[in-house]
Amino acid sequence: MYDISISHMTCSHCAGTVEKAVKSVDPNAKVTVDLRAKIASIESDIGPAAFVAAIENAGYKASIGNACFSQGI
C-alpha cells in the first residue's frame, strides 16, 4: 500500500475523479481518497508512478507520499 499526495482537490467530485483515474490504471485496486488530507491510499500490484501519471492526466498535481508496500512491510 502507498499514499499519493494530491494538490488542488477541493470537493467530493474531485475525489471521485481521482478514484476514477486510479481505477483506469487498475480496476481491481483498492483506493481510498481522503479529501481533507488530500491523499489517495492505494493497494495494488502496479507501481505508484502509473497512478501518479493517471491522476496528473486527470488535472491534479500528484506525488508519491508514503511508500509502504504490501509485501509484508
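Source: prediction; values computed, not measured.
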**Student:** Does the pair Val31 and Val33 meet the rule for a side chain to side chain contact (heavy atoms under 4.5 Å, CB included), with working shown?
**Tutor:** CA-CA 7 Å; Val31 57; Val33 179; 4.1 Å; yes
**Student:** Any chance you could measure Glu43, atom CD, to Thr32, atom OG1, to the nearest 0.5 Å?
**Tutor:**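 With rounding to 0.5 Å, CD (Glu43) is 9.0 Å from OG1 (Thr32).
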**Student:** Return the minimal non-hydrogen interatomic distance between Ile39 and Ile6, and the atom names on each side.
**Tutor:**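 Heavy-atom minimum between the residues: C-CD1, 4.4 Å.
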**Student:** Using every non-hydrogen atom in the two residues, find where Tyr60 and His8 come nearest and quote the distance to one decimal.
**Tutor:**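 Heavy atoms only, the tightest pair is CE2-O, 3.6 Å.
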**Student:** Return the minimal non-hydrogen interatomic distance between Tyr2 and Ser44, and the atom names on each side.
**Tutor:**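 Looking at all heavy atoms of both residues, the shortest contact is OH-CB, 4.1 Å.
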**Student:** Looking only at non-hydrogen atoms, find the nearest pair between Ile4 and Ala62 and report the distance.
**Tutor:**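 Closest approach of Ile4 to Ala62: CG2-CB, 3.8 Å.
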**Student:** Can you tell if the side chain of Asp26 reaches within under 4.5 Å of the side chain of Phe51, non-hydrogen atoms only?
**Tutor:**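 Yes, their side chains come closer than 4.5 Å.
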**Student:** Using every non-hydrogen atom in the two residues, find where Ala49 and Ile64 come nearest and quote the distance to one decimal.
**Tutor:**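 Scanning both residues, the minimum pair turns out to be N-CD1, 4.4 Å.
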**Student:** If you count heavy atoms of other groups shown closer than 6.0 angstrom to NZ of Lys23, is the number above 12?
**Tutor:**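 Atom NZ in Lys23 is packed in, count exceeds 12.
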**Student:** Within this structure, what is the OG-CD distance for the pair Ser24 and Glu19, rounded to the nearest 0.5 Å?
**Tutor:**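 Rounded to the nearest 0.5 Å, the OG-CD separation comes out at 11.5 Å.
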**Student:** Contact between Lys30 and Ile42 at the side-chain level, heavy atoms closer than 4.5 Å - yes or no?
**Tutor:**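 Not in contact.
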**Student:** To the nearest 0.5 Å, what is the distance between NZ on Lys38 and CE on Met9?
**Tutor:**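 Lys38 NZ to Met9 CE: 6.0 Å, rounded to 0.5 Å.
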**Student:** What's the shortest heavy-atom distance between Ala54 and Val25, and which atoms?
**Tutor:**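 Closest approach of Ala54 to Val25: CB-CG2, 3.5 Å.
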